[in-house]
Amino acid sequence: MNESKSSGKSPDNLGIATGSVAGDGPDAGLLFERAGLDEGRIQSIVGDALQGCDDGELFLEYSQSESLVLDDGRIKSANFDTNQGFGLRAVAGEQTGYAHASELNEAAVARAGGAVQAVRAGHGGSMSEAPLATNQNLYPDDNPLGEVSFADKVQLLGEVDSYARDRDARVRQVTVSLHGQWQAVEIMRADGRRIRDIRPLVRLNVAVVLGEGERQESGSHGVGDRIGFSRYIETANWQAQVDEAMRQAEVNLSSVPAPAGEMQVVLGPGWPGILLHEAIGHGLEGDFNRKQTSAFAGLLGERVACPGVTVVDDGSLDGRRGSLSIDDEGTPTGCTTLIEDGILKGYMQDRLNARLMGTAATGNGRRQSFAHMPMPRMTNTFMRAGNQDSGEILASVKNGIYAVNFGGGQVDITSGKFVFSCTEAYQIQGGKIGAPVKGATLIGNGPDVLTKVGGIGNDLALDTGVGTCGKSGQGVPVGVGQPTLLINGLTVGGTAI
């Protein structure tokens, strides 16, 4: 077992009180106090650094993370890390200066202030209005990492392994992982305004391999949300994740080669929304549209999808993986309508791109950590439900594919072209679900797919809390979702000869 420990500090001795809200108030500034920073002096440094700039902020972060992985009955890794630091950003026009450090002291902030000032050379801007304060507070200050003891977490992983092996003699491998994070952030503006947020995050993943003779197939399932570990210790909850992973592996053991060609495709509810996220969602982020590199650039107010298609991004849903009280610039999150009844209504915006495009920030300025600059990112992106029964949608397909789960994929933001692999899919023959298929890939163009929607189910579901989105080298937790969706005419790459 490998265990790394960066610090013995706990959130309790960090000095962050419970019961606070996101926004200006007496609880703001506690990270400053914990680091021994003189608030007035730091405000002076930040104000001087951002003088004459159009925007910018000081972003402070303290986080603890824990990760345990069991593989084939043994603890493969157990890690506990504590990280803290700050990032200072100055924005002048389209140019951004950014400096960060893992040191939380006045000298480091002063050095950062001197570094970012270079961006304002020859620029005579004025500071943009600060984000509106909010009393929204999605999560309590309680640290989920301390809810359950280390011994109980190890015991949980062992029980998962034993349960899977006792359930089916065909089990050849079991991998279980448990991850948790507790993050506190504070943001200081040039005028001294401060805002803070607390962000817990927990995830449990189970993967199994079943074998029959020489054939082996895998199945996996994960759940996560922004609450504590205690939910996952409950027997019924973790057994449900094992059962689902086993079910997927069993399905794959009986799968046949996937057909190929252009055909109707039905996407299941929930996680298949990852295709919507990748093939369409990224194209609706503000930076790509401001730079005219998105297939949706310049199409506001125009029809981009079939009637009935409504897509939103909502970072204010309580407990969801992509939800935050405020984004990483201090803007309150909310529900942003991107496409309404097929008409393009808006983009997801951070402060920089919103200012340059003459619109409002939408609470989508996100960063991986204090060492990264914010950019427009999705939170929880999903298509709203329609009014059709999923059974009726499936019954309308004479010959096609029913895609229930997805693995990896590739997307070209400029053209919208995508390739996605299905980890669970079935043939549809005569309106009925047939044999499971192996090796199916979906190939298409995001904007084009929106015009081929032939049915929208009334069974909207969000994913189980496992999504992480990558963009420009940064990864952030996100949520996806959709109802059952019929696409008329999508290329399927298969393995059937």
Write down the atom of Ile401, the atom of Ala425, and the distance for their closest heavy-atom approach.
CG2-CB, 4.1 Å
Any side-chain donor paired with an acceptor under 3.5 Å for Ser325 and Arg199?
no
Taking every heavy atom of Val411 against every heavy atom of Glu278, the minimum-distance pair comes out as CG1-O, 3.4 Å
With a 4.0 Å cut-off, would you call Asp350 and Arg355 a salt bridge?
no
Sub-4.5 Å side-chain heavy-atom contact between Leu204 and Val176:
yes
Looking at Thr331, Thr333, Thr379, Thr381, which one forms a side-chain contact (heavy atoms from CB on, under 4.5 Å) with Asn364?
Thr379
Using side-chain heavy atoms (C-beta onward) and a distance below 4.5 Å, is Thr464 in contact with Gln241?
no
Under a 4.5 Å cut-off applied to non-hydrogen side-chain atoms, are Leu352 and Asp55 in contact?
no
For Ile274 and Asp463, run side chain to side chain contact (heavy atoms under 4.5 Å, CB included): C-alpha distance rounded to whole Å, both residues' side-chain angles, the deciding distance at 0.1 Å, then the answer.
CA-CA 9 Å; Ile274 188 64; Asp463 75 289; over 6 Å; no
CD/Glu103 to CZ/Phe86 distance, rounded to the nearest 0.5 angstrom?
7.5 Å
Taking 4.0 angstrom as the limit, do Arg247 and Glu244 come out as a salt bridge?
yes
Main chain of Gly365, side chain of Arg351: is a donor-acceptor contact present, judged purely on distance under 3.5 Å?
no
Is there a side chain to side chain contact (heavy atoms under 4.5 Å, CB included) between Val311 and Leu276? Walk through the geometry before answering.
CA-CA 9 Å; Val311 179; Leu276 174 78; 4.2 Å; yes
What closest approach, in Å, do Phe370 and His100 show between heavy atoms, and which atom pair accounts for it?
O-CB, 3.5 Å
Report yes if the side chains of Leu338 and Ile280 come closer than 4.5 Å at any heavy-atom pair, otherwise no.
no
Salt bridge check, Lys471 against Glu285: does any charged N sit closer than 4.0 Å to a carboxylate O?
yes
With a 4.5 Å cut-off on side-chain heavy atoms, are Leu267 and Leu442 touching?
yes
Can you tell if the side chain of Pro477 reaches within under 4.5 Å of the side chain of Arg366, non-hydrogen atoms only?
yes
If the threshold is 4.0 Å, N to carboxylate O, is there a salt bridge linking Arg384 and Asp341?
no
Separation between CE (Met373) and CZ (Phe59), nearest 0.5 Å, reads 14.0 Å
Mark yes or no for whether Asp313, through its side chain, and Thr336, through its backbone, hold a donor-acceptor pair below 3.5 Å.
no
Any donor-acceptor pair under 3.5 Å linking the side-chain atoms of Gln173 with those of Asp71?
yes
A side-chain contact here means heavy atoms from C-beta on lying under 4.5 Å apart; do Pro436 and Ser254 qualify?
yes
Any side-chain heavy-atom pair from Phe418 and Val449 closer than 4.5 angstrom?
yes
Is the closest basic N to carboxylate O distance between Glu57 and Arg367 below 4.0 Å?
yes
Walk me through whether Asp225 and Tyr232 qualify under side-chain hydrogen bond (donor to acceptor under 3.5 Å, both in side chains).
CA-CA 11 Å; Asp225 49 33; Tyr232 304 108; 3.0 Å; yes
Gln248 side-chain N/O to Ser220 backbone N/O, donor-acceptor pair under 3.5 Å
yes
Charged N-O contact under 4.0 Å between Arg189 and Asp191:
no
Shortest non-hydrogen contact between Asn205 and Gly222, atoms and distance
ND2-CA, 3.9 Å
Specify the closest pair of heavy atoms between Asn458 and Ser390, including all atoms of both residues, with the distance to one decimal.
OD1-N, 4.5 Å
Which atom pair, heavy atoms only, marks the closest approach of Leu210 to Met246?
CD1-O, 4.1 Å
Give a yes or no on whether a salt bridge exists between Asp243 and Arg167, defined as a side-chain N under 4.0 angstrom from a carboxylate O.
yes
Exam field: side chain Ser294 to backbone Gly283, donor-acceptor pair closer than 3.5 Å
yes
As a quick check of understanding, evaluate side chain to side chain contact (heavy atoms under 4.5 Å, CB included) for Trp271 and Val404, giving each step before the final call.
CA-CA 8 Å; Trp271 179 246; Val404 179; over 6 Å; no
Check whether Arg196 reaches the backbone of Val185 with its side chain - one donor and one acceptor, N or O, closer than 3.5 Å.
no
Does the side chain of Ser323 pick up a donor-acceptor pair with the side chain of Asn380 at under 3.5 Å?
yes
